[in-house]
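Given the structure is predicted, the values throughout are model-derived calculations rather than measurements.
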Amino acid sequence: MSQWVFAGLKAGIVTTPYPRREDHAHGITPGRPRGGVVASPEEIASHCPVGALAATGEGITVDRGRCIHCPACRADIPWEETYEWATVPPEAKEAEVERPFRRSLHVLVVDAGDCGACLSEVGQLNNPYYNMHRLGFFITPTPRKADLLLLVGPMTEHMKLAVEKAYAAMPTPKRVMAVGTCAASGGIFGSSFVAGHGANEVGSVDVVVPGCPPPPLAILHGLLLVAGRAQEVVER
Amino acid sequence: MITPLDLITAFLGIIAIGIAVVPFIPERRVPQALAAFGSLAAIVIMWASGETLFAGHTFHAWLWTVPGLGRMSLAMDRIGALFVFITGLIYLPVSIFSAGYIPRYTGRYSLKAFSAWYLALFASIVFIPVCGDILSLLVVWEVMSITSYLLVVYEHREERNARAGWLMLVMSEAGTLAMVIALLILAAHGGSLDFAGIRTGIAGLRSGTRWAVFLLSFFGFGVKAGLFPLNIWLPRAHPVAPGNISALLSGVILNLGIYGIVRVNMDLLPITSVGPGLVVLIVGAITALVGILYATVENDLKTMLAHSSIENMGIVTTALGAGLVFLAAGHATLAAIAFVAAFYHMINHSVYKGLLFLGASTVDMMTGTRSMDRLGGLIHRMPWTALAFLVGAMSISALPPFNGFASEWLTLQSILRSVELSSIGVKVAFALAGAMLALTAALAVTAFVKAFAMTFLGHARSELANNAKRATKTLIVPMLILASLCLTLGVTPTYVIPTLDRAFATYTHASATDALVPPFFLATKTNLHGLPADFVHDFSDLGAQSGKNFLPGRGLVVMHRGGEANPVVYAMSPAYTFIVLLLLLGLATGGVWLFAARRRRVVRRAEWDGGVRRLTPSMTYTASGFSQPVRVIFQSVFHPAVEEESRRATAGHFRLAIRRVHRDVYLPERLVFHPLTRLAQWIAACCARMQNGKLNTYAGYVFIVLIIVIIVGIVIW
């Protein structure tokens, strides 16, 4: 017992400085392709296994909803080591007016057929490094107390009803956040005979966190965005 | 001027007319006749006992003389009047309820017989506390035992009922035997069968005889009161008895056991040493704990209530034991407080357990099942029954402002006052008893959250519950009467305490009223009425004197005063708590209505089912599941015999099906009665060896007996 206390005191604070300062720790993000002007864009785009890259004239654009940041294009186009990836879809931007969750947000996580990677990253938010409780974010097991429905996975046929019921059971005001490439667009499993094309199958999505899987800080950024405590990073 | 004796004669007349008239009424009119005679008799007897209890008109009347045994007599003092009053209080609503309840037996069993026994039971219960001598007590006691047996086995064509009734009768008669011996010892030493004669002639009894009388009477009356380990008949008799009889059994007949213990050990032969009180205290605490443990895990609504009755009788007995110890140790005021707590709790138990049994019977009648695993969702189909049952459940869980709170709080407080005692051993016993009562109180909440929630909330778990009929007014009104009594007794402890206190003043020679109910209504800053000045100032700043203009009595605050160092030992006021609760509730509701409800739209959605395709009632939380943690924690008490059976696939790696049966044996049966049975069987087996069927051996026995007789004859003459 006493050792446990002293070990804790000796270790000091290990929690990430984000969102007060940027976190530059090694391996904090897998990075992702940025796109831009490159030589022979058509050839590079054709190498993308998920069809996330598209050639536009002399440059290349990245479809964030499909990119799984595999290293296939790493040697060919510039990558960025960022993690503030969360975005608000255009249709949600128009509807959005108020941000009622500035101080506290209770999150119901529903796994709609994910491979386990996104869920594992969501789980990391509870560890001492990311420690989302310090920011007022809490996981809740029941939709009755949830403000935010956090969906992972491509929305399989069998989970559709459960997600619909969970959303209906949440009290207003409520938000939906799609975490991961699958939830954003269906990803590599998406739109098949068992899986749909992501979280927007069952309703409007307020915040999308792309990535396969998105690093915990990206999810944290998404939560802060829902709470209205962070800004979207606009890509040029 | 009508005297209590006239009223008792009138009561007896009503009962006699009722019994005489019932056989000549058409069967379909019998329920109404029963209700009319029963409630009229109840009102008359409440009036009669009220005259004695509140106004102090005691009486003593000689009846006829029995050759060789002396004269029979009736005598009503305040203690007896208290018990008679409770009897009337419970009989009134139960009689009305019976009018709606017994028609369910039409055509199967005789309603006329039921009514006759019902009224006979009423008369015998009323006369037990009014008897003035041993002979008449025994006669009415036996009438009570036998009529209650007849009513419990009313549905006599079921074998289970007959067995339960048989056990009840056997236990009851065993108790009577012990009680008769105790009373005869008293009569032999007192030189009279009359109570007054015993009281005067009993002085100077040796301590061995005193212990014998105490143990025999405690055992004998303990059977009726349902004390551990003599309570095995209770959980079996209740589920088989008709619902209104269950309410009487728990609400009235159990009290008679307490009455007997009090009459013998406080009135006829007052206990002078600490020992018997300690026995009462410990037995009471064990009874309470064992009762509530079984109540928590039981899924049959009525069996569960039976176990809970055992628990409540345990609490009453614990407080009684505490009072006896305090009295023997010379703390008369503390003893008076403990007795007030005991009898307050007994009254409360009668009221709320009557209510709960009526509720359970209504549920049973309207659905056809008592198993909590098969009920559920009844609040939609029988809202008034649900409301009444909720009040009962809250009272028994000791939640303010209902009556269970006031008495259980007083009981625990009076046990905590054991710090005043000098002996370490007695203190330890009190501490243990207090801890057991605290655990009991906590488990009682669990048990009744389960009983209410599993019966009335959630989904209907079976077709029976789904097709429940609406309860009629005849069933609902009595429950609402008892529910309002629960509230009244809960918020008026400052009026109940003096009444109870007067009943016991003859035995304790001390007043709990002065110690518990300070006269805040009377005390002013100029006339302190014996209260410390800063007290009156503090409390009048708090508003304790409010209401003196429109309320009688001393005040609305219950407070025990200590010495200089510790002026307030404990204090509470359910009346003010109730007012504050109402205010807060009103403010909260009004606030929500004003600021929220009008602006927000209410959206109703289906309940959260975890996202399953279809939520079937069998998927919801069950009563067994709710009490499983308690069952696991107290496994050493329940000690279930587990039979496990599993079918496996050929390879033996996979189980295809598992069947696990838990079979509980009731603790007193396992600890006491089974060993006794085995001993009796062993003795019988030894004796059976004598009977080997050989003629020669039998001739030998005759020869041996003959020789013994001759030797004895020679020696004597």
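- A donor-acceptor distance shorter than 3.5 angstrom exists from the side chain of A:K165 to the backbone of B:V612, with no hydrogens or angles considered.
- The choice from A:T142, A:V163, A:V110, A:L161 that makes the most heavy-atom pairs within less than 4.5 Å of chain B is A:L161.
- Atom CZ of A:R144 is separated from atom CZ of B:R605 by 10.0 Å, given to the nearest 0.5 angstrom.
- Counting non-hydrogen atoms of neighbouring residues, nucleotides and ligands closer than 6.0 angstrom, the CD atom of B:E644 exceeds 12 such neighbours.
- More than 12 heavy-atom neighbours from other residues, nucleotides or ligands sit within 6.0 angstrom of CZ on A:R64.
- With a 6.0 Å radius and a threshold of 12 heavy atoms from other residues, nucleotides or ligands, A:H158 has its NE2 atom at or below the threshold.
- At most 12 non-hydrogen atoms from other residues, nucleotides or ligands lie less than 6.0 angstrom from CZ of B:R659.
- The candidate with the highest count of non-hydrogen atom pairs below 4.5 Å against chain A, out of B:A606, B:G610, B:G611, is B:G611.
- With rounding to the nearest 0.5 angstrom, the NZ atom of A:K145 is 14.0 Å from the CH2 atom of B:W608.
- At most 12 non-hydrogen atoms from other residues, nucleotides or ligands lie less than 6.0 angstrom from CD1 of A:I13.
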